[in-house]
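Notes follow once the structure below has been shown.
Just so it is clear, the structure is predicted and the values come from calculations on it, not from any experiment. Just so it is clear: chains get the letters A, B, ... in the order the sequence lines come, proteins before strands, and each one is counted from 1.
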2 protein chains.
Amino acid sequence: MPYALYYWPTIQGRGEFVRLALEEAGVPYDDVARGPEPDGGVPAMLALIDGDSVPHPPFAPPFLRAGRLLIGQTATILLFLGDRHGLAPKTESGRLWVHQIQLTLADLVVEAHDTHHPIASSLYYEDQKPEAARRAESFRNERIPKFLGWCETVLERSGGPWLGGRRVTYADLSLFQAVEGLRFAFPKTMKRQERKSPRVVALRDAVAARPRIAAYLASERRIPFNQMGIFRHYPELDP
Amino acid sequence: MPYALYYWPTIQGRGEFVRLALEEAGVPYDDVARGPEPDGGVPAMLALIDGDSVPHPPFAPPFLRAGRLLIGQTATILLFLGDRHGLAPKTESGRLWVHQIQLTLADLVVEAHDTHHPIASSLYYEDQKPEAARRAESFRNERIPKFLGWCETVLERSGGPWLGGRRVTYADLSLFQAVEGLRFAFPKTMKRQERKSPRVVALRDAVAARPRIAAYLASERRIPFNQMGIFRHYPELDP
């Protein structure tokens with residue numbers, strides 16, 4: 001296997017943005033923490049975070065091993081994979097622009113997470129429900145429209161069909177995943193929002209229809225959304 | 001001027017990470033929103049966010065104009081400046097590692113901001129004080145130790161004196177700024193934490209002593225910390 005991906009085995013989470021890029025690239029990878037111990041499993045992942053001899057210790061999953069490289073932070077992994085597998089433009093201007101889009105989507109993902117964990121990731125949702133209700137209100141009414149409105153503008157100006165123009169990049173895969181996550185977590189809000197975001201919806205559909213992505217989504221490799229991931233559906237947060 | 005930086009004129013905020021890199025590089029730049037209208041001021045900045053003809057519209061400040069390039073997202077700007085001005089390693093492995101560190105520091109900055117704005121950036125601190133007290137508690141007790149502990153480990157393994165090893169990079173400037181911000185916002189917590197973070201403190205001092213940085217910090221170009229920025233000092237959040 002050219003690549004080993006390390007991420008929590010039961011959720012899509014941030015690892016999913018990497019999985020989508022690997023799947024679209026069509027390269028084999030070992031999803032290590034989903035494999036059996038001792039070579040796989042969560043202990044194999046944590047050994048690289050906690051190990052004393054890792055020269056570049058990741059702060060948190062996901063991280064990717066590629067030969068001698070051990071790369072953490074979702075957007076850094078995508079920067080690397082984008083260059084290697086034609087999922088990013090070759091020009092400096094294009095590469096930076098796609099990375100800028102990715103980091104903006106990463107900001108959206110943090111905010112989506114914080115709707116159910118506005119106080120502390122170390123606490124349960126049940127321990128921060130009133131705060132979550134307030135944060136989610138702002139996220140639904142202000143932040144989703146702002147983020148998806150910006151994506152719509154980017155697509156309008158790129159000439160389409162992709163965020164960077166005529167060629168698909170890792171940022172497109174990430175926007176697909178963000179839309180899927182928002183649909184799962186905030187279905188009522190998204191039903192209204194999507195009427196104002198036709199280009200975003202078309203991009204989502206175009207990503208889902210790409211042969212390798214479609215095969216992946218239909219496979220057991222795609223973990224379903226659930227109530228442990230970044231995107232969670234609490235009906236009271238999407239009234 | 002080779003560069004034009006666009007950021008809010010009265011705060012350090014995220015723009016400060018870019019200013020520090022520009023200052024260390026010793027390149028002239030126009031801090032546009034701090035200049036007089038009509039060429040400067042906040043309207044000149046907002047025109048690039050809201051303008052209909054900007055092909056790569058930034059989502060938010062800071063952003064940097066470099067010739068034809070318009071680059072947003074702090075870490076993307078630093079990726080660009082690091083390559084151009086010797087503030088990043090030349091090897092792929094080194095470049096990715098420094099970027100990974102930068103993105104981890106960016107996560108810390110988001111969490112520092114959210115201690116005083118856990119519910120919504122669009123509300124005043126006074127409208128979210130109980131939530132801020134809870135979030136700050138977790139930030140002080142869990143997150144600051146985790147982030148600075150990780151930085152300490154990175155410095156230990158790099159062989160020092162810098163995060164990436166023997167040469168200073170933009171990530172070092174960013175860690176300096178993060179420490180300065182945390183000291184301003186959480187002086188009591190940091191007094192305790194710094195005893196466990198000798199390498200981080202030494203790096204902070206080494207950055208402050210670099211001639212161009214020292215000159216910058218003593219100049220009027222350095223905006224003092226204040227209660228409008230990302231790092232704010234509310235005594236009740238640092239009891």
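- For the residue pair B:R134 and A:L123, the shortest heavy atom distance occurs at NH2-CD1, 3.5 Å.
- Counting heavy atoms from C-beta outward, A:V54 and B:R157 have side chains that approach closer than 4.5 Å.
- Between A:I101 atom CD1 and B:F59 atom CZ the span is 12.5 Å, to the nearest 0.5 Å.
- For the pair B:L103 and A:L103, the minimum side-chain heavy-atom distance is below 4.5 Å.
- A:H117 NE2 to B:S138 OG: the interatomic distance, rounded to the nearest 0.5 Å, is 10.5 Å.
- Residue contact with chain B, scored on non-hydrogen atoms closer than 4.5 Å, involves the backbone and the side chain of A:F147 alike.
- Partner A:T76 forms a side-chain contact (heavy atoms from CB on, under 4.5 Å) with one of B:L79, B:V98, B:L96 and no other, that one being B:L96.
- With a 4.5 angstrom heavy-atom cutoff, A:P58 touches chain B via backbone and side-chain atoms both.
- Of all the listed residues (B:A106, B:A75, B:S122), the one sharing the greatest number of non-hydrogen pairs under 4.5 Å with chain A is B:S122.
- Of the listed residues (A:V154, A:D114, A:T104, A:T115), the greatest number of heavy-atom pairs within a distance under 4.5 Å of chain B belongs to A:T104.
- Of the listed residues (B:I119, B:I77, B:I71), the greatest number of heavy-atom pairs within a distance under 4.5 Å of chain A belongs to B:I119.
- Heavy atoms closer than 4.5 Å to chain A are found in the side chain of B:D107, but not in its backbone.
- When heavy atoms are compared at a cutoff of 4.5 Å, A:R143 approaches chain B solely by way of its side chain, counted from C-beta outward.
- Distance check: B:W150 CH2 to A:I49 CD1 gives 11.5 Å after rounding to the nearest 0.5 Å.
- Between chain B and the residues A:P55, A:A136, A:P118, the largest count of heavy-atom pairs under 4.5 Å involves A:P118.
- Of all non-hydrogen atoms in A:R84 and B:E92, the two that sit nearest each other are NH2-OE1, 4.0 Å.
- Listed here is the closest heavy atom pair of A:P57 and B:Q100: O-NE2, 4.3 Å.
- Contact tally against chain B (heavy-atom pairs below 4.5 Å) for A:E142, A:Q102, A:K146: the top residue is A:K146.
- If you tally non-hydrogen atom pairs under 4.5 Å between each of A:S121, A:A120, A:G72 and chain B, the highest count goes to A:G72.
- In this structure, CG on B:L163 lies 10.5 Å from NE2 on A:H56, to the nearest 0.5 angstrom.
- Contacts of A:S93 with chain B are made by both backbone and side-chain atoms, with heavy-atom separations under 4.5 Å.
- The distance from the OG1 atom of B:T91 to the CG atom of A:L69 is 9.0 Å, given to the nearest 0.5 Å.
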